[in-house]
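Report on one structure; see the data block that follows.
To find a chain, count down the sequence lines: A is the first, B the second, and so on, and within it residues start at 1. Since the model is a prediction, treat every value here as computed from it, not as a measurement. As a basis for the values below, the full set of heavy atoms in this structure was taken, side chains included, without hydrogen atoms, waters or symmetry mates.
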Amino acid sequence: MEKFQTLYSAAVPLPLENIDTDQIIPARFLKATTREGFGENLFCDWRRNPDGSPKPEFVLNDPKFNGQILLAGQNFGCGSSREHAAWALYDAGFRVVISSYFADIFRGNALNSGLLPLQVTDAELARLFALVEQDAATQFVVNLPEQTLHVPATGDSFHFAIDAYKKECLINGYDDIDYLVSQKPAIEAYEQTRTWTW
Amino acid sequence: MAKSLFDKIWDAHVVQPAPGGLDIVYIDRHLIHEVTSPQAFDELEARDLPLFRPARILATADHNVPTRNQHLPIAEPLSRSQVDKLTANCAKYGVELYGLGHARQGIVHVIGPELGLTLPGTTIVCGDSHTSTHGAFGAVAFGIGTSQVAQVMATQCLLLSRPRRMRISVDGELRAGVTAKDLILYVIAQLGTGGATGYFVEYAGRAVRSLSMEGRMTVCNMSIEMGARGGLIAPDDTTFAYVKGRPYAPKEAAWEQAVAYWHTLFSDEDTVFDAEHRFDAAAITPMITYGTNPGMGMALNGHIPREVPASEAESFDKSLQYMGFQRGESLLGKEINYVFIGSCTNSRIEDLRAVAAYVRGKQKAGHVEAIIVPGSKQVEQQAIAEGLDRILAAAGFELREPGCSACLAMNEDKIPAGAYCVATSNRNFEGRQGPGSRTLLASPLVAAITAVQGRIVDITQYLN
């Protein structure tokens with residue numbers, strides 16, 4: 001997993017609530033057996049018409065907006081457990097998703113894929129949308145070690161929470177599998193203590 | 001100290017605490033399928049790790065298999081390659097595969113319970129969010145992503161933070177024509193599509209306890225649709241009667257030992273939950289969804305809300321626009337062209353019986369295409385043994401072969417753009433049943449009546 005420390009970027013605003021993983025990556029694109037290439041079909045049905053032509057009104061087709069931060073309404077990533085949703089965002093160049101809350105499985109999948117789910121309050125989210133609306137080029141600084149989101153142009157600064165273990169993993173590029181494999185002796189010892197046979 | 005059912009099971013599976021307040025949690029059963037497992041097998045290979053406990057894994061092909069002519073090779077090349085990859089991985093790593101052609105193939109959340117692999121007090125995971133289904137047996141069961149699938153393959157464990165606990169009690173008795181599906185659609189409509197995010201839900205109360213195992217599975221299945229990590233119900237005699245004698249259920253002395261343990265699996269009387277909700281079963285009527293998330297549900301004979309909070313208005317109206325509905329509108333009388341009865345939510349024998357009991361001697365409306373996709377080969381065989389196939393065929397319903405089918409439309413079973421489908425599945429997201437498809441979630445009974453009438457009706461007028 002790639003290391004994540006600090007990111008300077010503009011943000012792409014998607015002010016809708018309950019964006020589900022079927023929108024992020026529709027099921028018909030889940031037939032690939034590798035992790036790469038899903039970015040091409042990120043938000044496919046919002047981004048393209050059935051004939052494949054782009055829908056100009058969708059934010060990812062608007063040249064005014066770009067950046068590695070996606071700014072989205074509450075309950076981002078609800079629905080299916082497909083990690084392909086996190087891979088698609090990552091593959092399309094996003095490194096941070098900001099929302100006022102995330103669906104549990106998506107949050108875990110993002111953290112396991114090097115994508116930072118950055119949770120702010122409802123009021124902070126509204127402020128962030130307003131900043132991007134005023135100026136699409138607004139730069140944000142995401143500082144993971146400090147757990148801050150900073151807007152140099154306006155001086156806005158927000159603190160965000162993240163699980164201490166997951167923070168270390170992202171900063172160092174570690175994932176859970178490394179840790180769990182290192183704990184195999186304890187896992188085998190636990191198996192010996194179980195009294196039931198089923 | 002009083003402990004919840006959830007905590008009793010969780011605590012029994014903690015290998016040891018881990019840094020950052022997490023627990024290493026042991027997983028008893030790992031269910032895998034063709035869509036979310038290939039990258040996990042690749043991960044093992046890339047890291048040169050063995051599969052730690054192959055006997056604890058059950059594999060099936062369900063998500064993108066065709067529901068016609070399953071004896072023939074899969075025509076669609078990408079689907080075929082994904083299913084072939086699962087077959088090859090299972091052979092290589094020694095995993096038992098209930099693939100196409102197997103007498104017990106089916107939707108992963110249907111066959112686990114059928115096989116007796118789903119047992120009270122166990123921890124169960126699968127790279128599928130509807131793993132919560134297995135909570136019906138008093139198991140801690142939840143969906144995981146592919147990175148976690150690889151973790152369980154490598155270590156039979158996950159690194160998890162303990163979720164908060166919520167109890168949802170539904171007291172009293174359900175009214176005639178009101179089913180487990182209506183109960184859970186009602187609860188989700190009350191709490192909202194994100195209303196249980198961060199929680200593990202225990203369902204309790206007389207209306208829940210009165211449900212069959214099939215009904216309990218329908219309820220627990222949709223826990224994720226209000227954001228819950230999972231949902232579970234304390235095991236009781238209904239549970240034990242269902243499990244007993246199944247292929248992988250404990251036998252003889254082990255059965256007695258198991259039941260004695262399972263009797264300890266309930267939330268202690270003084271348990272304090274992080275959140276509690278109580279509902280009256282008598283207030284629940286047949287339900288239907290009108291929007292593009294499962295929280296957008298209402299009484300079948302109700303009206304789409306006129307007023308919504310300002311912060312939700314943009315998403316709400318976008319949703320109604322997609323569905324072709326208006327605020328304040330009633331859905332009664334809407335013409336429907338497709339009816340889909342299937343999915344891990346409602347594809348079990350009881351669901352098929354409910355449909356057959358209603359449609360016996362009737363005929364579906366001419367403009368409706370009605371397909372029934374059984375959850376497993378076992379359900380299919382049982383339906384045939386009971387003569388349900390003939391009743392359904394005579395009524396113009398097409399009984400297919402098992403799979404996830406038009407619930408997520410990964411195979412060729414798709415609803416055309418713009419068309420309305422009353423579906424017994426679990427998600428009405430935009431494009432869920434095919435690009436542009438419009439899904440209205442409902443119970444098998446509502447779906448059957450809709451197919452016969454060809455439009456949305458107040459079913460209380462039409463009950464047999």
Side-chain angles (χ1 to χ4, degrees), chain A residues 15-18 20-23 26-28 30-35 44-46 50 73-75 78-84 86-87 101-106 108-109 112-113 122 126 163-168 175-181 183-184 186-187 189-191 194-198, chain B residues 15-16 18-20 22 24 26 35-36 38-39 42-43 47 49 64 78-79 81-82 85 119 127-129 143-148 150-151 154-159 161 163 193-194 197-198 227 229 249-250 254 257-258 261 293 312 314-315 318 408-410 417 427 429-432 435-436:
Chain A
L16 291 171
E17 299 184 339
N18 307 316
D20 60 77
T21 53
D22 273 85
Q23 305 320 310
R28 63 186 186 278
L30 304 185
K31 295 183 186 184
T33 53
T34 59
R35 284 174 179 249
C44 181
D45 294 338
W46 287 355
Q74 66 172 25
N75 197 25
C78 59
S80 152
S81 64
R82 61 189 71 164
E83 194 163 312
H84 312 63
W87 302 339
Y101 75 90
F102 295 90
D104 290 325
I105 306 179
F106 176 81
N109 287 341
N112 285 333
S113 305
D122 289 332
D163 176 90
Y165 165 79
K166 280 307 199 184
K167 175 179 164 180
E168 285 307 302
D175 45 29
D176 292 355
I177 203 164
D178 299 324
Y179 177 79
L180 286 169
V181 169
Q183 300 301 310
K184 264 198 184 170
I187 296 168
Y190 166 83
E191 287 180 320
R194 289 169 46 112
T195 51
W196 54 74
T197 52
W198 57 90
Chain B
V15 170
Q16 63 183 30
L22 303 177
I24 300 178
Y26 193 81
V35 177
T36 57
Q39 295 89 348
D42 286 351
E43 187 90 32
R47 292 168 187 257
L49 290 167
N64 67 33
L78 285 174
S79 296
S81 119
Q82 211 167 34
K85 180 124 192 187
L119 296 175
D128 187 282
S129 60
I144 57 176
T146 295
S147 293
Q148 292 176 304
Q151 291 161 25
T155 67
Q156 205 56 40
C157 285
L158 287 171
L159 205 47
S161 62
T193 190
T197 303
R229 210 56 195 84
Q257 184 203 4
Y261 171 57
N293 72 57
E312 295 169 21
E314 185 177 350
S315 301
K318 180 177 186 293
L408 81 170
M410 275 195 79
R427 290 193 173 130
F429 296 153
E430 283 185 32
R432 173 79 178 179

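Rounding to the nearest 0.5 angstrom, the gap separating the CD atom in B:Gln156 from the OH atom in A:Tyr190 is 10.5 Å. Rounded to the nearest 0.5 Å, atoms CZ (A:Arg28) and CG (B:Leu408) are 11.5 Å apart.
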The test is side-chain contact (heavy atoms from CB on, under 4.5 Å); show your working for B:Arg47 and A:Asp178 and say whether it passes.
CA-CA 10 Å; B:Arg47 292 168 187 257; A:Asp178 299 324; 2.8 Å; yes
For B:Arg229 and A:Ile105: C-alpha separation, side-chain torsions, deciding distance, then whether side-chain contact (heavy atoms from CB on, under 4.5 Å) applies.
CA-CA 8 Å; B:Arg229 210 56 195 84; A:Ile105 306 179; 3.6 Å; yes
side-chain hydrogen bond (donor to acceptor under 3.5 Å, both in side chains) between B:Tyr26 and A:Glu191, intermediate numbers included
CA-CA 9 Å; B:Tyr26 193 81; A:Glu191 287 180 320; 2.4 Å; yes
CA sep, side-chain torsions, deciding dist, call: A:Arg35, B:Ser147, side-chain hydrogen bond (donor to acceptor under 3.5 Å, both in side chains):
CA-CA 11 Å; A:Arg35 284 174 179 249; B:Ser147 293; 3.3 Å; yes
Steps toward side-chain hydrogen bond (donor to acceptor under 3.5 Å, both in side chains) verdict (B:Thr155, A:Lys184):
CA-CA 7 Å; B:Thr155 67; A:Lys184 264 198 184 170; over 6 Å; no
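The two residues B:Thr197 and A:Phe102 make their nearest non-hydrogen contact at CG2-O, 3.5 Å. Across every non-hydrogen atom of B:Ser129 and A:Ser81, the tightest pair is N-OG, 3.3 Å. Between B:Arg432 and A:Asp22, the shortest heavy-atom distance links the atoms NH1-OD1, 2.8 Å. When all heavy atoms of A:Thr34 and B:Gln39 are compared, the pair lying nearest together is O-NE2, 3.0 Å. Taking each heavy atom of B:Gly20 and A:Tyr165 in turn, the nearest pair found is CA-CB, 4.3 Å. Residues B:Leu159 and A:Leu180 share a closest heavy-atom pair of N-CD1, 4.2 Å.
Among the candidates B:Gly436, B:Ala409, B:Ser161, B:Gly198, the residue making the largest number of heavy-atom pairs closer than 4.5 Å to chain A is B:Gly198. Contact count versus chain B (heavy atoms, under 4.5 Å) is highest, among A:Asn112, A:Asp163, A:Asn109, A:Asp104, for A:Asp104. Options B:Cys157, B:Gly227, B:Ala150 differ in how many heavy-atom pairs under 4.5 Å they form with chain A, and the most are formed by B:Cys157. The greatest number of non-hydrogen atom pairs below 4.5 Å with chain A, out of B:Gly431, B:Pro163, B:Pro19, is found for B:Pro19. The candidate from B:Ile144, B:Thr36, B:Asp42 with the greatest count of non-hydrogen atom pairs under 4.5 Å with chain A is B:Ile144. Chosen from A:Asn18, A:Leu30, A:Asp20, A:Val181, the residue pairing most often with chain B at heavy-atom distances under 4.5 Å is A:Asp20. The candidate with the highest count of non-hydrogen atom pairs below 4.5 Å against chain B, out of A:Ala103, A:Gly79, A:Pro15, is A:Gly79. Comparing A:Cys78, A:Ala27, A:Ala164, A:Ser113 by how many heavy-atom pairs each has under 4.5 Å with chain B, the most go to A:Ala27. Between chain A and the options B:Ala154, B:Gly143, B:Pro435, B:Ala18, heavy-atom pairs under 4.5 Å are most frequent for B:Pro435.
Interface remark: A:Ala126 contributes no atoms to any contact with chain B (heavy atom separation under 4.5 Å). Contact annotation for B:Gln82: both backbone and side-chain heavy atoms come within less than 4.5 Å of a heavy atom of chain A. Heavy-atom distances place no part of A:Asp122 under 4.5 Å from chain B, backbone and side chain included. Contacts between B:Leu49 and chain A at a heavy-atom distance below 4.5 Å involve the side chain alone, from C-beta outward. Residue B:Leu22 touches chain A through its side chain alone, counting heavy-atom pairs closer than 4.5 Å. Using a 4.5 Å cut-off between heavy atoms, B:Glu43 touches chain A through its side chain atoms alone. For a residue to count as touching a neighbouring chain, one of its non-hydrogen atoms must lie under 4.5 Å from one of that chain's; by this rule B:Ala417 does not touch chain A. For a residue to count as touching a neighbouring chain, one of its non-hydrogen atoms must lie under 4.5 Å from one of that chain's; by this rule B:Arg427 touches chain A with the side chain only.
Considering only heavy atoms from C-beta on, A:Gln74 stays 4.5 Å or farther from B:Ser315 through its side chain. Looking at B:Ile24 and A:Gln183, their side chains come closer than 4.5 Å, going by heavy atoms from C-beta outward. B:Gln148 has its side chain out of reach of A:Glu83: every pair of non-hydrogen atoms, C-beta onward, lies at least 4.5 Å apart.
Side chain of A:Gln23 to backbone of B:Glu430: a donor-acceptor contact under 3.5 angstrom is found. A:Lys31 contributes no side-chain N or O that, together with a main-chain N or O of B:Ser81, makes up a donor-acceptor pair within less than 3.5 Å.
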